[in-house]
Amino acid sequence: MSEVMGLKAKLGLNVFKEDKEFHIRIKPGREKDERLKKAVIVCPSGLYSANDAGDVEISVDGCLECGTCLIACGEEVLEWHYPSGGAGVQFRFG
Amino acid sequence: MDIVVAMKQVPDLQQLRIRNREPVMADVPLTFGKIDKNALEAAVLLKEEHGGEVVVVAAGSEELEDTIKEAMAAGGDRSIMLADDKAGDLDSAESAEILAQLIKQVDDCGLIIFGEGSGDNYSGQVGSRVAEKLDLPQVGSVTQIIIDGEKLRLTRSLEDSVEIVEVMMPAVVIVTADLNEPRIPSVSQVLKAGRKPKEIISLDELEQPAAEKTLTTLSNLAPEVNRKRITIKSVEELVEILKTEGFVGGN
Amino acid sequence: MEKFDVIIVGGGLAGLSAAYTLAQEGLETLVLERGDYSGAKNVTGGRMYVNPIRDLFPDLWKKAPFERFIAREEVSIMAEERSVTMQYDGNELAQEPYQSFSLLRGKFDKWFAREAERKGAMLVSKARVDDVIMEDGKVVGVRADGDELRADVVIACDGVLSFIAEKAGLRKPLASKNYAVGCKEIIEMDRQLLEDRFNLQGDEGMARLYMGDVTGGSFGGGFLYTNKESLSLGIVVGIDALLENEEAFKAPELLDRFKQRPEIASLIKGGQTAEYSAHVIPEGGVKAMGSLYGSGILVAGDAAGFSMNIGVTVRGMEYAMASGYYAAQAVMAAKARNDFSGASLAEYKKLLDKSFVMEDFNNFKESLDVLDHSRFFTFYPELAGSIMRDLYAVPAGAKDRIFPTIKKHMTVGEIFGIARDMWRLRKI
Amino acid sequence: MANVLVFSDKTRLAAELITAAETIGDAVWAVTVNDEMQARELASYGVKVLKIDVPELCLADTAAVAAAIYQAAEHAAADTVLLAANRAGKEIAGRLVQMMGAGCLADVKAVNTDKGEIIGVRNALGGATVAEQVIKTAKKVLVISPKAFSPAPQGPGGSMEDFSVNVKTPRVKVVETREKKVESVDIEAAEVLVVVGQGLDGMETLAQAEDVAQKLNGEVACSKPLATDKKWLSEARVVGISGKICQPELAVIMGISGQVQFSVGIRDAKTIITVNNDENAPICEMSDYILTADMNQVLAELSKGL
């Protein structure tokens, strides 16, 4: 079972607690910004994808709150804050 | 008049892991069940309207002393608890006996609120058992509580009907999850929670010993999943399967 | 309104070290942790070096829930199709006091939080701090979920992104070249199988670092630590390096690629992945650090950038704990003076400068620039691998002599290149 | 083996309890409260019915109902009482158990007997596990999940006798009763379920799901958020720990990732087909056929193609 498993299945092993709102958003109008494409590569959870129209989309389910996308893309294109208290990923091992 | 809320310390099931079909209980944080929080919220709302104190009663392991702060932060005024590591895994019979004894310590108790099922087991027995032990009337499946003088006016929501019932206090009320949305305490409420009055007793200090366990668990495993897991490529293929399995056409 | 001596934002190692130290001295200390519990948001490679911080927390270590003490150090240099591994066993590693331990933060931080509470610190979890309260250029408290909480000093221990330091105007902008990302799996394994496979007795553990073709030729590496009943396996790769890599591996793919290497696959066989985590790691050293103090505020741990990669060791947790400790010392000195201005709190920097923390950071300040050089991640591993291949090869015909075998790999140009690299390495 | 007594104010559930009782006891007794019709029907299943007719005995007064069942059990010499795990039944159980000095298993979804011992099978830990438990005490109350057993068939040997009980003055007074506007759908009874989740993009596609369900002679069911957050479907159609536990012949699960709170409600389906755009979603683990695709497109095509 330690063979390579799908990313979603791997994320499914973690505990995620629901938040009232999305804690990461692409700033409106920045969907096509080149900087966002970096997130597609660097995000350890693979949450970013570019659609056929070239817009980058994010789905925050499975976010590990690692901060890589914020550092790679910058605050001009991403609105990024931590999930509310007690929400988001909760590592059991860490 | 005080309002008693009975709460059960349960493992945070979101933190539960299954390893080789066995639940891994070690290191799972303890909390209160969702419906217990609804029960507490109902009590706090009633107190805010009618006065009195919200007294939280609970039984569990020694960590309960910590867990109970959650309830104090969310509006409980004081607590009476049995915190004893020998009481970490109580069944309904034991819980009922202990809770009934704790509730007896509340002098001016008009109303005792339970959630309709604990977060972990959901047997929904304890409220009724306590009502019987204390010889109090009870109403279950409650979605609304109105205090009207000495009387309670309750909305009882069953599968196919809704009843409005009246009962004289003191009474046991067992609530469902639909009746409110529990508040999320602020940091300063959490800080104050630790300073609220609490009474803690151990199993040895009970007036009567807790009842014996009435259940034996033979096994408790995650269900075995044994599915074909065949990948199909197209809707046509899907339709074909529906046909061969006999769900469309032919019959 | 609640007023405390100190509010600590973040209940990780830096925050808890500060809280533990402050509460011990009787200061009213509040720790705000956004996770369900301390450790819930923390990710580490998995090994702590205790020596530098042992004396700062003399009572702490006996009962600490470490996984295994590291009795054996290994380094694997990976070329594309082969690897060279060096193993170091030293008596000093296997004797008390042990130099380093593997650990899991979910367990360790949870326990440390309780120890800090026992000393009198107040800990509130599930509490996110949204902002600092500034008055006349001085930090006087924080806002958390609508609550205003005040203190003489706020210590920002909120991790590598440190929004608190940013809001207090102390943090430099986050430049991607100064940061790496780590991706890690916890792989559970039957204790007996693990001990047999890694040749461990009792609580002995091993640590192995992987260099070379771990991260597709990018600046980075891999790690494997043995825990009691699990392995911590992961990779660390520079964010810029990841983006610049021509092969354009995605971060999660790199970890999977690493796991599929035959050398790794055979080590984790029979294990079961139990958790997947990732986090940004500050690697910019002194050059990337912002201000460590301001009026009414101190910054410690990853928030201050206290983490270092010098190739053979990647360290952060000792710096976090030490900086938390020195922050606490500075606060106590400031309290004695009843002066919480920036000038008074500057004591923190002085304490750090005198300690191993800043000494290490000054000694190794060039390491990132030196190591961020693809030759260290492709050329040398391939060289080492090729030499070993030829040394061990027994061809059908006659075997070459050893000296010419090595010499064949060392052209004049390459020798100059190596000399140049060695010259660079003298800086670290 | 001993006698077993069953009670539910819902005749269909009482009929299921009789089937369950027959697997564990020698003689099956039933008790009815102010319901002549039910008494007759249960007698036609071949059981001995104790018919209580006491107008002041009100079903909402749980204590009084429990006391009446207790007296009936004594009369029938029944050590084991079966109740239905609907809301009223579970509420009565705690009270009755306490009166009888019995042990109790609630939400029992299967009953096995082994050397005279009754083993109850029930979901535990929020559905993450399935527990097999035994009641240690001589007297036992089992609260049986609806649909866990099929209703008893007609049979000979039934009888009916009037049974009088001592009832205290009622303490709970019903001042108003209204029927719930419950959608008549019964997803637990459906042989085929098309279960839609948050992948569903809107009401139009929902109509297609309904069309597909109809063509498969089944019903549309959903995951909780579709009923509680989006309110696109009624709560009667929710599958999961806080909805219905279903065991259809076929479940076509679309746009649902498969958290345990949901999957506990469908994992006993005979065949599971999953349509999900994420091939690694946990639901795929528990599926017989997996189509990786957008559920909305698949519904559109299925609606045309079936």
Q: For C/Arg68 and C/Glu204, indicate whether the former's side chain and the latter's backbone hold a donor-acceptor pair under 3.5 Å.
A: yes

**Q.** Contact origin within C/Leu123 toward chain B - heavy atom pairs under 4.5 Å
**A.** neither

Q. Ion pair present between B/Glu224 and B/Arg21, side-chain N to carboxylate O less than 4.0 angstrom?
A. yes

Q.
Between C/Lys107, C/Met122, C/Glu188, who has the most heavy-atom pairs with chain B when the cutoff is under 4.5 Å?
A. C/Glu188

Q.
Using heavy-atom distances under 4.5 Å, tell me whether B/Val187 contacts chain C through its side chain, its backbone, both, or neither.
A. both

Q.
Does this structure show an ion pair linking C/Lys110 with C/Glu115, if we count only N-O contacts that are shorter than 4.0 Å?
A. no

Q) Does the pair B/Lys8/B/Asp36 count as a salt bridge with the N-to-O cut at 4.0 Å? A) no

